[in-house]
Amino acid sequence: MQTFETKSPTAWKKVLVILISLLAIAVLSIASFIAIPGEKTMFAGTRPANIGIQSGKLAACPSSPNCVSSFSQDAEHKIEPLGYTSSQSEAMVKLQGAIESYGKTKIITATDNYLYAEFTSALMGFVDDVEFLVDDEAKVIHVRSASRLGESDMGVNRSRIEAIRTQFNQL
C-alpha cells in the first residue's frame with residue numbers, strides 16, 4: 001500500500017513567505033511605473049524648449065501624429081479652440097477648473113491669458129504638454145497638446161482636449 005507524505009506546516013509557511021515576497025516584488029515593480037503628479041518616471045521625458053507664447057501663437061505641432069493644435073492648418077493636427085462668452089478672467093477660472101478635474105495634472109504656468117499644464121498617463125507615466133492661449137477679441141482659447149515621447153498617441157491628445165472642452169462648457 002502506497003502512502004503520501006505531507007509537508008510539515010513549517011515547509012508550507014516557507015513556501016507561502018516566498019510566494020508573498022515574489023508578489024510584493026511584482027507589485028512594487030509595477031507601482032514604480034505608475035505616474036504620480038510631480039514624480040519622474042522613465043517615460044516622462046524632458047520638458048520641451050518651445051513651450052510658451054511665440055509671436056502671439058503657440059508652437060507648431062511636429063510632423064508626428066501625437067499633437068493637436070488650434071493653430072494648425074492640416075487636418076491631422078487641427079482642433080478647434082475652446083469658445084467662451086464670459087470675461088477673460090472668468091474663462092481662465094473655468095479652464096483651470098476643467099483641467100484640475102481631469103486628474104494626473106500639474107499646472108506649471110498660469111497667467112491672465114496663458115496656461116501650461118503637464119498631463120501624466122496613469123499606467124506608464126508618459127507626460128504630455130498642454131498649453132492654452134486666450135484670444136479675448138475672438139472669445140476663444142487656443143490650445144496645443146503634444147506628447148513628449150513616441151510617434152503615435154492613439155488619439156489621446158485629441159480626446160483629452162475634447163474632454164476638457166466638454167468639462168469647460170459644463171462649468
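Scope of the values below: all heavy atoms of this structure, side chains included, with no hydrogens, waters or symmetry mates.
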Side chain proximity check, Leu58 to Ile51, heavy atoms < 4.5 angstrom
no
Is there a donor-acceptor contact under 3.5 Å from the side chain of Glu162 to the main chain of Ser159?
no
Check whether any side-chain N or O of Thr109 sits under 3.5 Å from a backbone N or O of Tyr116 as a donor-acceptor pair, and report yes or no.
no
So which pairs with a foot in residues 54-65 pass salt bridge (Lys or Arg N to Asp or Glu O under 4.0 Å), sequence neighbours left out?
none
Quick one: salt bridge (charged side-chain N to carboxylate O under 4.0 Å, His left out) partners of [X], sequence neighbours excluded?
X: Asp129; value: Arg148
X: Lys78; value: none
X: Asp135; value: none
X: Arg158; value: none

Considering non-hydrogen atoms only, spot the tightest contact between Glu76 and Pro65 and give its length.
OE2-CB, 3.2 Å
If a pair satisfies ring pair (Phe, Tyr, Trp, His ring centres under 6.0 Å) and one of its residues is in [range], list it, with sequence neighbours excluded.
range: residues 83-105; answer: Tyr102-Phe119
range: residues 61-80; answer: Phe71-His142
range: residues 148-171; answer: none

Output all residues satisfying side chain to side chain contact (heavy atoms under 4.5 Å, CB included) with Leu171, sequence neighbours left out; order by chain, then residue number.
Lys94, Ala98, Gln167
Can you list everything that forms a side chain to side chain contact (heavy atoms under 4.5 Å, CB included) with Ala59? Sequence neighbours excluded, please.
Asn50, Gln54, Arg144
Got a second to check how far [X]'s [atom1] is from [Y]'s [atom2], nearest 0.5 Å?
X: Thr105; Y: Ile99; atom1: OG1; atom2: CD1; answer: 7.5 Å
X: Thr111; Y: Leu133; atom1: OG1; atom2: CG; answer: 8.5 Å
X: Asn66; Y: Ser152; atom1: CG; atom2: OG; answer: 7.0 Å

With sequence neighbours excluded, residues passing ring-ring contact (aromatic ring centres under 6.0 Å, His included) with Phe132
none
Residue pairs, two or more places apart or on separate chains, that pass disulfide (SG to SG under 2.5 Å) and touch residues 45-159:
Cys61-Cys67
So that I can tick it off, tell me whether Glu118 and Arg47 are bridged by a salt bridge, with the cut-off set at under 4.0 angstrom between side-chain N and carboxylate O.
yes
